[in-house]
Every structure is written in structure tokens, then in C-alpha cells.
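Remarks on the structure that follows.
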Amino acid sequence: MSERKVNDFVVRFANVNGTGSASANFLFTKAIFRMGIPVTPKNIFPSNIQGLPTWYEVRISEKGRLGRREGVDLMVSVNPQSMVRDVASVKVGGYFLYDSTKHLSPELVRDDINYIPIPLMQMCNDAFTDSRQRQLFKNIIYVGALAELIGIEFEVLEGLLGDQFKGKEKLIGPNVSALRMGVDYVKANVSEPLNLRLERRDLVGDKIMIDGNAACALGAIYAGATVAAWYPITPSTSVVESFSKFAAKYRVGEDGKKKFAIVQAEDELAAIGMVIGAGFNGARSFTATSGPGVSLMNEFLGLAYFAEIPTVLVDVQRTGPSTGMPTRTQQSDILEAAYASHGDTKHILLFPSSPTECFELTADAFDLAERLQTPVMVMTDLDLGMNDHVTDPFKWDDSRIYDRGKVLDADALEKLERYGRYLDVDGDGIPFRTIPGTHPTKGAFVARGTSRDEYAVYTEDSAIYQRNMDRLLKKWETAKGIVPAPHFYQQKSGSRDGVIFFGTSSYAAEEAIDLLKDDGIKLDAMRVKAFPFSKAFVDFVEEHDRVFVVEQNRDAQFRSLMIIECGMSPQKLISVLNYDGMPITADNIYKQIKGVTESK
């Protein structure tokens with residue numbers, strides 16, 4: 001038997017999409033979390049509704065490693081379609097649990113792994129008469145079997161089922177019985193203990209488990225958003241769905257009247273147009289979409305940039321181009337988002353790496369959009385948006401005052417001889433705006449996409465146009481000192497090599513840095529939270545001879561952004577890329593960086 005692993009292994013479930021496995025698999029994950037052990041699940045599912053293979057991968061890590069890890073220690077295979085692939089993915093010495101109602105094909109037999117046959121379908125056929133129950137309880141039976149095999153506390157599973165079916169108590173009994181069927185089968189038929197074991201710990205503290213899309217929605221609620229316009233698209237749909245649920249709870253007055261508006265538009269272009277219109281009228285508004293939606297929104301994003309209208313967009317990135325793989329993850333909208341629209345535009349991007357930062361940076365996005373009078377995009381991805389993550393609890397300062405930026409009230413307008421919508425009064429490139437209806441006769445202007453002067457009067461004068469574009473660039477420079485600063489993993493540089501990463505690459509990058517350190521390769525590290533890049537960002541790059549840039553796309557888009565915006569030498573920026581649609585792993589980053597350092 002290989003070395004015993006306690007609270008440090010990977011379990012993958014191979015199911016058929018649409019068979020009710022998701023709730024059973026999440027029950028498994030939540031039980032481990034309830035036992036105080038850090039755990040991170042990845043739902044790997046197809047873009048069809050039903051029938052194709054789906055996987056659910058759970059990494060258990062006592063050290064709190066929340067990134068994906070290569071290799072599977074225990075495979076739970078209940079889908080004949082994917083068995084060849086599933087058997088091949090098991091690490092040497094690992095385990096393959098399968099439904100043995102039908103005999104295992106000889107081509108699926110390896111002599112370097114262990115097999116755990118359980119006749120799941122036969123057990124269900126014998127115990128249940130309803131076809132749907134047979135399908136659903138098969139999933140619960142294998143959770144019970146796993147509980148006995150690796151040490152999940154049965155009382156924890158019972159408690160979770162009680163929580164899940166609160167108000168539907170008649171469902172608790174059959175589910176508990178199905179769990180016991182799995183436990184009893186293992187007790188009677190599996191004599192050799194597994195070298196994978198769970199032991200209760202107290203390592204999660206007050207952390208919570210939530211997905212990034214729900215966190216973004218809650219951030220929008222706390223930021224005071226009252227308008228959401230959207231068109232459904234994977235993987236962003238649940239952002240607005242969650243916002244709708246939260247708004248129904250927190251945006252209803254004592255008289256029962258709703259104080260919010262949610263509009264499902266006919267397409268993405270209409271959705272962003274509604275958001276811009278609401279922003280012009282003073283409402284905090286937003287939309288959520290993915291790469292194809294951002295492509296369609298380009299024209300209106302240019303309008304919001306040029307007319308200087310606060311706009312918030314949550315971009316839950318997926319693989320492209322075109323339709324790509326709608327249910328796979330990537331960080332491939334970087335350049336599209338940064339320069340969305342034709343002409344000279346630059347947009348503020350925020351890069352959350354956890355649900356907690358999804359909450360915080362979405363709330364910050366509304367302040368930034370109004371302070372800078374410009375579009376702000378929160379750049380998450382499918383991995384962060386649709387998967388559950390162990391994360392710090394959300395915190396909110398009730399004394400926080402929304403930053404509405406430079407908004408003239410009626411008294412301020414009354415004192416002005418003439419209002420100039422695009423006048424740079426303070427020298428920071430940010431003009432003063434007004435909200436329609438503030439004053440009966442003053443403060444009105446046309447928010448146009450055509451060239452205009454400082455008083456919003458249409459003009460085609462070249463000098464005036466250039467002056468306005470230069471002012472927008474000055475505002476961009478102002479933004480560099482306002483957007484969230486990068487996070488540094490050291491107080492001062494201690495290596496000539498550095499590494500930069502952002503978003504969901506962070507989990508794997510942090511682990512890879514430790515793996516490289518164990519090999520004597522020391523790296524200074526910086527996690528980026530925002531674009532435009534601050535002085536601290538530039539200083540970090542300049543302080544190092546060689547900088548590895550970790551990102552999840554083919555064309556090194558973030559590295560290109562660094563070269564374009566900062567004039568950095570391409571020779572010193574070394575790409576570490578992953579673009580297969582799966583979340584990047586520490587093993588991948590480790591191998592790429594080590595390969596470069598060993599070849600010098």
C-alpha cells in the first residue's frame with residue numbers, strides 16, 4: 001500500500017449531465033467543509049442540457065491549497081461514456097470506484113490502481129420502484145459509501161440533509177436510508193482500508209463557501225445598485241439571478257413597493273444601453289455578461305467612455321473565440337475589455353481572485369465608475385463565478401458613504417454663470433456632472449457620442465476634439481492613483497526574478513511559488529487587482545531582470561497590455577500560459593517556470 005494521505009487528496013466524480021448528481025456531489029463537499037477541512041470543488045460540465053459527461057472535482061487540502069491539482073487519487077465513475085478517460089486519470093496507487101452492476105470491460109483494467117466495485121444501480125433497483133428515485137438515490141448511495149471509505153462523519157451528512165430539506169421533512173428519511181445503504185455495503189464488502197483519510201480539523205474558522213457570481217450580486221446590492229439590465233449568457237446568468245433574489249429581500253420598502261428594476265433585454269447591446277441610460281439619470285446600474293456579450297456591447301461602451309457616463313459591467317469570462325467552449329474557463333477578454341469600442345478608448349478593469357474580492361471589488365466598481373465617470377468592468381471568470389470557493393466572510397462598514405464623484409446640486413448650479421459639462425476645473429481630467437431634474441433651468445446638456453466642446457456643444461473643430469481627448473487621457477492618469485493597488489508578497493525585492501498573476505490564477509500561482517522555493521528557486525510576487533497599472537506595478541517590473549506573467553489565455557493578453565501601456569521590454573516578460581479551458585494548476589506553473597530557470 002502506498003503512503004497514507006490525510007486531508008490531502010483529490011476526488012473526482014464522473015457523472016451524466018442532468019441526473020441529479022450535482023446536489024449529491026455538493027453534499028460531499030459541504031460535509032468536508034463542516035468537518036473543518038479546507039476544500040475546493042470544480043464543476044466541469046458540458047454546455048448541453050442533458051446526456052453528456054460531467055465531472056465534479058474536489059481537492060481536499062489541509063494546507064489550504066485552493067487551486068486545482070493535477071491527477072486524481074479517487075475516481076467515482078458512474079458514467080460508462082467517460083470510463084476510459086476516467087481510468088486513465090487516476091494516479092498510480094489511486095482508487096477507481098465504479099458501478100459494478102455491469103461487468104467492467106477488460107480495457108479499463110490497470111494493474112497499478114485499486115478498484116472498488118459497488119453495484120449502485122442494482123442496489124437502487126432492489127430498494128426503489130420509482131425510476132427517478134432510482135436515478136437520484138444512486139448518487140446518495142455513493143456518498144454514503146465514500147463516507148465509510150474515507151471517514152466523513154455520518155452525523156454531519158445527516159445534519160446537512162436536514163438543512164437541505166427543511167420544510168420538506170418527508171424527504172430526509174429516504175435520503176438518510178440511501179446514505180446508510182452505501183455505508184453498509186462498504187462495511188460488508190470492502191475489507192482493505194484506503195490510504196486516503198479525512199480527519200476533523202479546525203482549519204476553516206469563520207470562512208464561508210460561496211460562488212463568485214453570488215458574491216458580485218451581493219456587492220452590487222451593498223453598493224446601492226437599483227437597476228440591472230441583462231441578456232442571459234453562460235457563465236454570467238446567475239449574477240443577475242442572484243441580484244434579483246437579494247433585491248427582492250433588501251430593496252423592498254415598508255409599503256411593499258420594489259425599489260429596484262431588473263430588465264431582461266432583447267440582446268446584450270440593448271442591455272448595456274439601458275444601463276448607460278440609468279447611469280445618466282443618476283441610478284447605480286450594471287449588467288453582467290461574458291466575452292460574446294462584451295463584443296456586442298463595444299459600441300455602447302465607447303459611448304459611455306466618450307460621453308463620460310458611469311457604467312458597471314461584470315464580465316464572467318469563458319473560452320473563445322466565437323461560441324468557444326461556453327462552460328470552460330479562461331482569462332481571454334483582457335484586451336477586448338481594456339480597449340472596448342473603436343477609436344481611442346481605455347477602460348478600468350478590476351481583477352478579483354476570490355468571492356470575497358468579488359463582493360468588495362464589485363462594490364468598489366460603482367464608486368470608481370461615478371468618481372471617474374466612465375465604464376468599469378469587473379473581470380471574473382467561469383471558475384470563480386460558477387464554482388463554490390472557501391473564502392473570508394464578507395465585511396461592510398455601515399458608515400461607508402458612496403462616492404458619487406463630482407455631482408453639482410441645485411445650489412451649486414445656481415451660483416454658476418454657465419455650466420460646462422466637460423470643463424476640467426480641478427486639473428485632474430474629471431469634469432462635474434449633473435443629474436437630470438436637479439435644477440429647473442440650469443445644468444442640462446446633451447450626452448452625445450459626437451465631438452463636442454467643454455460646454456457639450458457639438459463641434460468638429462480639430463483642436464477642440466484633441467483637447468477633449470487629451471483631457472480623457474489626463475483622467476486616465478488620475479485613475480492610476482485611485483484604482484485598487486496590487487498585492488505584494490514581500491516587503492522588498494529579494495530576487496532578480498519576479499512573477500505576476502491575477503484573478504483565479506492566484507491560487508495555483510501561490511502554491512507554485514512555494515514548490516519552486518522548495519527547489520531553491522526564489523521569486524518575488526505581485527498579484528494585480530486593477531488596470532490601469534499604478535506606479536507600484538511599474539516599479540516592481542523595473543526592479544527585476546526577468547518577470548514571469550501567469551495568465552489563462554493563448555496570446556499572452558495581459559503581457560501585451562503591459563507592453564502597450566508601460567512600454568516594457570518584451571524580452572524580460574516571460575509568459576506562463578494555460579488555455580485548455582480548465583483552471584490552471586500549480587504543477588503547470590511550476591513546470592513552465594522551472595523549465596525557464598534551468599535553461600538559462
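Hydrogens, waters and symmetry mates are skipped; everything else that's a heavy atom, side chains included, is used.
- More than 12 heavy atoms of other shown residues, nucleotides or ligands fall within 6.0 angstrom of atom OH in Tyr115.
- Residue Arg110 qualifies as enclosed at atom CZ: its count of foreign heavy atoms under 6.0 Å is above 12.
- A distance-only check finds a donor-acceptor pair linking the side chain of Thr585 to the backbone of Asn588 [under 3.5 Å].
- Under a 3.5 Å cut-off, the side chain of Ser332 and the backbone N or O of Arg554 do not form any donor-acceptor pair.
- A donor-acceptor contact closer than 3.5 angstrom links the side chains of Asp99 and Thr101.
- Lys207 has a carboxylate O that lies under 4.0 Å from a charged side-chain N of Asp392, or vice versa, which qualifies the two as a salt bridge.
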Please lay out, stage by stage, how Gln552 and Ser505 fare under the test side-chain hydrogen bond (donor to acceptor under 3.5 Å, both in side chains). CA-CA 7 Å; Gln552 300 183 63; Ser505 298; 3.0 Å; yes
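- For the residue pair Asn195/Tyr95, the side-chain donor-acceptor check at 3.5 Å is satisfied.
- A salt bridge does not link Glu155 with Arg34: none of the charged nitrogens is closer than 4.0 Å to a carboxylate oxygen.
- Looking at Met75 and Ser89, their side chains come closer than 4.5 Å, going by heavy atoms from C-beta outward.
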Derivation of the side-chain contact (heavy atoms from CB on, under 4.5 Å) call for Ile118 and Leu97: CA-CA 7 Å; Ile118 300 179; Leu97 188 159; 4.0 Å; yes
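- Without hydrogens or angle criteria, Asp211 side chain to Asp388 main chain gives no donor-acceptor distance under 3.5 Å.
- Panel note: side chain Ser290, backbone Val316; a donor-acceptor pair is recorded below 3.5 Å.
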Apply side-chain contact (heavy atoms from CB on, under 4.5 Å) to the pair Phe359 and Ile221, showing each step before the final yes or no. CA-CA 10 Å; Phe359 171 77; Ile221 288 287; over 6 Å; no
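- Using a 4.5 Å cut-off on side-chain heavy atoms (C-beta onward), Cys124 and Ile141 make contact.
- With Asp206 contributing its side chain and Pro393 its backbone, the two residues share no donor-acceptor pair below 3.5 Å.
- For the residue pair Asp86/Tyr98, the side-chain donor-acceptor check at 3.5 Å is not satisfied.
- In this structure, the ring of Phe501 has its center less than 6.0 angstrom from the ring center of Tyr489.
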CA sep, side-chain torsions, deciding dist, call: Tyr507, Ser354, side-chain contact (heavy atoms from CB on, under 4.5 Å): CA-CA 9 Å; Tyr507 297 127; Ser354 67; 3.6 Å; yes
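- Look at Lys63 and Asp8 and you find no salt bridge, because none of the NZ, NE, NH1 or NH2 atoms lies under 4.0 Å from a carboxylate O.
- The distance between the ring centers of Phe558 and Phe531 does not fall below 6.0 angstrom.
- There is a side-chain donor-acceptor pair under 3.5 Å between Glu551 and Asn553.
- A side chain to side chain contact (heavy atoms under 4.5 Å, CB included) with Leu516 holds for exactly one of Val499, Ile521, Thr597, Ile589; it is Ile521.
- The closest donor-acceptor contact from the side chain of Gln317 to the backbone of Asp333 lies under 3.5 Å.
- Although no hydrogens or angles enter the test, the distance criterion places no donor-acceptor pair under 3.5 Å between the side chain of Glu360 and the main chain of Lys395.
- Residues Lys529 and Pro486 form no side-chain contact, since every pair of their non-hydrogen atoms from C-beta on lies 4.5 Å or further apart.
- A donor and an acceptor atom, one from each side chain of Asn25 and Asn139, are nowhere located under 3.5 Å apart.
- A donor-acceptor contact shorter than 3.5 Å is absent between the side chain of Thr380 and the backbone of Gly385.
- Once rounded to the nearest 0.5 Å, the distance linking CE of Met386 with CZ of Phe45 reads 3.5 Å.
- Here the rule is side chain to side chain contact (heavy atoms under 4.5 Å, CB included) with Leu198, and of Leu149, Val6, Val39, Ile152 only Ile152 fits it.
- Glu62 and Asn7 form a side-chain donor-acceptor contact under 3.5 Å, judged by distance and modelled atom types alone.
- Remark: the Thr289 side chain and the Ser236 side chain contain no N/O donor-acceptor pair separated by less than 3.5 Å.
- Lys572 and Asp545 are not joined by a salt bridge, as no carboxylate oxygen comes within less than 4.0 angstrom of a charged side-chain nitrogen.
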Applying salt bridge (charged side-chain N to carboxylate O under 4.0 Å, His left out) to Glu511 and Arg68, what does each step give before you reach the verdict? CA-CA 10 Å; Glu511 183 176 0; Arg68 233 182 114 243; over 6 Å; no
Worked verdict on Asp381 versus Thr504 for side-chain hydrogen bond (donor to acceptor under 3.5 Å, both in side chains): CA-CA 8 Å; Asp381 56 36; Thr504 50; 2.5 Å; yes
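- The side-chain heavy atoms of Leu561 and Phe533, taken from C-beta on, include a pair separated by under 4.5 Å.
- Proximity of Glu70 to Lys591: side-chain heavy atoms (C-beta onward) are separated by under 4.5 Å at one or more points.
- No hydrogens or angles considered: nothing links the side chains of Asn43 and Asn387 as a donor-acceptor pair under 3.5 Å.
- Under the 4.0 Å criterion applied to side-chain N and carboxylate O atoms, Glu543 and Arg496 are not assigned as salt-bridge partners.
- In this structure, Phe28 has its ring center no closer than 6.0 Å to that of Phe26.
- The environment of Lys245 atom NZ is sparse: at most 12 non-hydrogen atoms of other residues, nucleotides or ligands sit within 6.0 angstrom.
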Go through the steps to decide whether Arg180 and Glu148 satisfy the test salt bridge (charged side-chain N to carboxylate O under 4.0 Å, His left out), and finish with yes or no. CA-CA 10 Å; Arg180 290 197 179 280; Glu148 181 63 24; over 6 Å; no
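- In the model, Thr29 has a side-chain atom that pairs as donor or acceptor with a side-chain atom of Tyr56 under 3.5 Å.
- Between the side chains of Asp497 and His544, no donor N or O sits under 3.5 Å from an acceptor N or O.
- Here the OG1-CG distance, from Thr54 to Asn17, works out to 5.0 Å after rounding to the nearest 0.5 Å.
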Criterion side-chain contact (heavy atoms from CB on, under 4.5 Å) on Thr329 and Met582, from CA distance to verdict: CA-CA 6 Å; Thr329 195; Met582 298 293 287; 6.0 Å; no
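- Residue Glu57 forms a salt bridge (charged side-chain N to carboxylate O under 4.0 Å, His left out) with just one option from Arg69, Lys42, Arg12, and that option is Arg12.
- Counting heavy-atom neighbours within 6.0 Å of Asp202 CG, excluding the residue itself, gives a total of 12 or less.
- With salt bridges taken as basic N to acidic carboxylate O contacts below 4.0 Å, one links Asp514 and Arg65.
- Residues Thr234 and Arg318 bring no donor and acceptor atom of their side chains to less than 3.5 Å of each other.
- Using a cut-off of 4.0 Å between Lys/Arg side-chain N and Asp/Glu carboxylate O, Glu199 and Arg201 are scored as salt-bridged.
- A donor-acceptor pair under 3.5 Å links the side-chain atoms of Thr319 to the main chain of Met325, judged by distance alone.
- More than 12 heavy atoms of other shown residues, nucleotides or ligands fall within 6.0 angstrom of atom CZ in Arg134.
- Ser238 and Asn213 share a side-chain donor-acceptor pair at under 3.5 Å.
- Judged purely by atom type and a 3.5 angstrom limit, Gln164 has no side-chain atom pairing as donor or acceptor with the backbone of Leu160.
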